[in-house]
Amino acid sequence: MSLQRYLDVVDDADAFLCAAERPLPRVIWANPLRQDPAKTAEEVRRLCPEAEPLAWRPDAWRLPPEVKPGRWVPWMYGRVHGQEEASLLAASLVDAQPGERILDLCAAPGGKTAGLAVAMADRGTLVANDRSYGRLSAIRRVLDRLGVTCAAVTCGNGVHFPAYPGGYDRILVDAPCTCEGTSRKPGGHQDVTSERYRRTIVQIQTALLRRALRLVRPGGRVVYSTCTYAPEENEAVLEAASTEPFTIEPVVAPAGLRLAPGLPAWQGQTFRPDVVNAVRLWPHHNDTGGFFVAVLKQGA
Amino acid sequence: MRAAAFFIPLPEPEALLAWLDATYGLPADLFAGHRFWLRTDSGTLWLTDAGTVPPPGVRLDAFGLLAFRDAPPRGRPTNTFALRFGAHATKSVLELGVAASRALLAGEPVAVADATETGWRIVRGPGQVLGMGWVAEGQLRSELPRSWRLDVDPATGWPDA
Ligand SMILES: C[S@@+](CC[C@H](N)C(=O)[O-])C[C@H]1O[C@@H](n2cnc3c(N)ncnc32)[C@H](O)[C@@H]1O
């Protein structure tokens, strides 16, 4: 399997390869726009006594893989929403605030959009964009189910996304990638990644990140994330986007999560020193999917 | 990319607010922090937070929450609207018990002998809004899209008494 290429940079090769094959625990969180999370917590305990609150998000629970929260009435009515723990972390690092102007540049199917809307307390402007028109309905379904009013769903190529006067306060670039970190999901990544495809996607990732750095207000935050381990799609993209001014901010690991620092070098290429502030989630560290997140502050 | 010319602030929102109060007992101040918009090409009515501003220069597929497919008095509120605000309604409400709520989610007919007036209702079950319903001849018909309840297990909604 293509994950072999990471064995030199991971701490425990066997644990990594094993974890990458195991089914992923499900995580759900309470939607405060629908109901007081304390009441939702009662419902979750009633429906799944094994549900385990996350140390860093007491309003989110880890469920055994065989539990199907999508069949619950509380799910149908948007009182809970499901998201992979690593993906939840990426959305929470945007640190969205009520009343802000936020752009989710690659938003479909809307998992992180949902978390951003809730963090904004449904106040302000959340632009959820995706290039693929066919995938917008998935975003709309999530927002409808959760009862969100502050979002605009747009269809556009993020590389040419139009500016907002004054700039966005925060932008999430959850870039299209080779998805190597999704091997634990049903239908997730299984094959060997084509290096040709990787080269194409790296161009798009770099262009999306550069555009975001231009659309954000001076000093604003851009979060770059992928669900892949590959430094080509992560550290090297941060390097390539350095034609725009930004710094990579340190990430404080939330309680109970172990984060690995960004890699200073890969296959002979060395990267800007602050890439070590970016974080990689290996599946065996926290029993999550694989993920990479960097928190960028616009400006020199 | 097409320009975002489709959504305009709803002209004369007072008329809509008065209708919501008269029909469902939803007071205007419930919407003080929100804003209604008209989608000019389709006539649909949408609701956003008062601070939501349309992004310029890009095609909008949705803007806030779709509140009415047809403007009242012809149209009824959408299920999404009912779910967000229906807990506050005091008129045209139908309250169901656990058994009837489960039956509704299972797609079964629900007899409502004491609801005599034909028309739309905001349907509520114990502790939650269930959606819009149509009452006629002593029967309640759910207006929830089938796709919403297709996978749901109605028993998970409420503890057994
Ligand atoms: C990793 S997925 C996003 C997942 C989503 N953020 C979530 O949490 O549910 C990447 C998305 O980027 C979109 N995409 C690909 N190229 C794009 C581009 N040039 N501009 C905008 N979106 C693009 C794809 O259609 C896909 O939906």
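Just so it is clear, the structure is predicted and the values come from calculations on it, not from any experiment. So that the names make sense, note that chain A is the first sequence line, chain B the second, and so on, each numbered from 1.
- A heavy-atom distance below 4.5 Å is not found between the side chains of A:Val27 and A:Trp61.
- Remark: B:Asp49 does not engage B:Arg35 in a salt bridge, criterion side-chain N to carboxylate O under 4.0 Å.
- Salt bridge status for B:Asp61 with A:Arg140: present, with a side-chain N to carboxylate O gap under 4.0 Å.
- The side-chain hydrogen bond (donor to acceptor under 3.5 Å, both in side chains) analysis of residues 151-161 of chain B, with sequence neighbours excluded, yields the pairs B:Arg102-B:Asp160.
- Listed by first then second residue, pairs satisfying side-chain hydrogen bond (donor to acceptor under 3.5 Å, both in side chains) with a partner in residues 107-116 of chain A read A:Ser87-A:Lys112, A:Asp104-A:Thr113, A:Lys112-A:Asp174, not counting sequence neighbours.
- For A:Val127, the part lying under 4.5 angstrom from a heavy atom of chain B is the side chain only.
- Within the 4.5 angstrom heavy-atom criterion, no atom of A:Arg101 approaches chain B.
- The contact list for residues 68-90 of chain B toward chain A, using heavy atoms and a distance under 4.5 Å, reads B:Thr80, B:Leu83, B:Arg84 by residue number.
- With chain B as the partner, the residue from A:Cys150, A:Gly124, A:Gly147 showing the most heavy-atom pairs under 4.5 Å is A:Gly124.
- Considering only heavy-atom pairs separated by less than 4.5 Å from chain A, the leading option among B:Gly51, B:Gly64, B:Ala62, B:Ser147 is B:Ala62.
- Counting heavy atoms from C-beta outward, A:Val223 and A:Leu296 have side chains that stay 4.5 Å or more apart.
- Of all residues spanning residues 120-144 of chain B, those with a heavy atom less than 4.5 Å away from chain A's heavy atoms are B:Gln128, B:Val129, B:Leu130, B:Leu144, arranged by number.
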### Task
Show your working on ring pair (Phe, Tyr, Trp, His ring centres under 6.0 Å) between B:Phe7 and B:Trp46 and close with a plain yes or no.
CA-CA 9 Å; B:Phe7 290 83; B:Trp46 299 67; 5.5 Å; yes
